[in-house]
Amino acid sequence: MQTSTRNDLLLKRSLAAVWHPCTQMKHHESVPLVPIARGEGCWLYDFDGRRYLDVISSWWVNLFGHCNPRINSALRAQLECLEHVLLAGFSHEPVVELSERLARATGGALGHCFYASDGASAVEIALKMSFHCWRNCGRPGKTRFLSLAGSYHGETLGALAVTDVPLFKDTYAPLLMASEQVPSPDYRLAEKGETAPDYARRCAGALEEALEQRHGEIAALIVEPLVQGACGMAMYDAEYLRQARMLCDRYEVHLIADEIMTGFGRTGTFFAHEQAGIRPDFLCLSKGITGGYLPLSVVLTRPSIYQAFYDEETARGFLHSHSYTGNPLACRAALATLAIFEQDRVIEANRVRSARLTAATESIARHPRVRHFRNQGMIWAFDVDTDDSQFARRFVTSALERELLLRPIGNTVYFMPPYVIGDPEIALLAARTGELLDTLVGQ
Ligand SMILES: *Cc1c(COP(=O)(O)O)cnc(C)c1O
């Protein structure tokens, strides 16, 4: 069969058989789906050999490139040994080793890893655990949750309840538990002359007010540390996390760190919360945990919280489960991912890579239509000054024509490449993004 026919055929079958995520399917009448036949490193290829640079790490999950030889080989070995076994009443090596290593990555402050498959499920678990912990401690009135304005924690009903993105949330509002949002420390919102730490402290003041008034009914504050991804890569100063930690301690409220996107080196440190010198009470991880290979998520907690469930009485235990909890293949991919972090000294290497990408994109930062060019570790974002309501859609199409896989959020363009992006790809990304801006919004 001719290759371009294979592309076309796949798209036709996909539209007939698959309901694609986060998509108004009718839009595909005018914007074609992109067929992918294979991946290698930072590149994705269709059946004709057309290629796309995966600058968004396939929705923020890929860390070390597609079809990474080291992860592939770890998975092959695991596949010959054990594909899956239930984790209730049973255990296996990959899940134990991964749990030990993740606990070590928090300096031993957090542990007793509780597994699920997706980020949203990890958020559900953290919310339920927080509420249940307080209930077990004789505080059943703590039933409510605080989150930041613009927060994103996933799309299942519980996670959506603490999410604050109207496009995803408003339709389902009648189904959701009530939650409350406090101002986001997003430093774009600072007053003129106000520094990012100053603005963070001002927002912490608003948090303190909310906690002071309602701490008796609030179980937890959930935050995306340092970068709020889905609302458009809002970045904020670590001072907010220090203040939030202090206030949560003072008012006896749990602090949940949703590091589903920010974990595994994305913000420059292994976990984003490290930059504030704090530890949360619950840590939610997913996305990069398997290097972008397999669905896996996990919640780590403090020993004291684990102890609040440890009892003769069954119902005081955490009776939550998912069929694929702690899947051995997924855990093995995660272990292979952690091994690469150690072998390649990835956090240090990324500092150099990050500086190179920042230097290469200097002219984008200075582009007359670009506002708030910002960077945190391996995330770059900027806002484009345009009145075009179709900007994001036009940008996606024009980017694909230039071999770039980019998906702006509204008028915010961001780069979140795999940690194996090399100098030639960085140069290509910078040059073609510049071209795109000139073409779409002018000089
Ligand atoms: C992606 C994301 C989630 C949801 O994870 P899924 O695996 O898509 O359910 C939750 N929180 C944050 C911060 C995320 O970026």
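Counting starts at 1 for both ligands and their atoms, following the listed order.
Contact check on Lys142 versus Glu217 returns no salt bridge, with no Lys/Arg side-chain nitrogen under 4.0 Å from an Asp/Glu carboxylate oxygen. Here Arg302 pairs with Asp281 in a salt bridge; the nearest charged N to carboxylate O distance falls below 4.0 Å. Note on Asp383 versus Arg374: salt bridge recorded, some NZ/NE/NH1/NH2 to OD/OE distance being below 4.0 Å. Using a 4.0 Å cut-off between charged nitrogen and carboxylate oxygen, Arg242 and Glu239 count as a salt-bridge pair.
Of the possible polar contacts, one joining the Ser57 side chain to the Met416 backbone as a donor-acceptor pair under 3.5 Å is found.
Around ligand 1 you find Trp60, Asp118, Gly119, Ala120, Tyr152, His153, Gly154, Glu224, Asp258, Ile260, Met261, Lys287, each with a heavy-atom distance below 4.0 Å.
Using modelled atom types and a 3.5 Å distance limit, the side chains of Glu259 and His273 yield a donor-acceptor pair.
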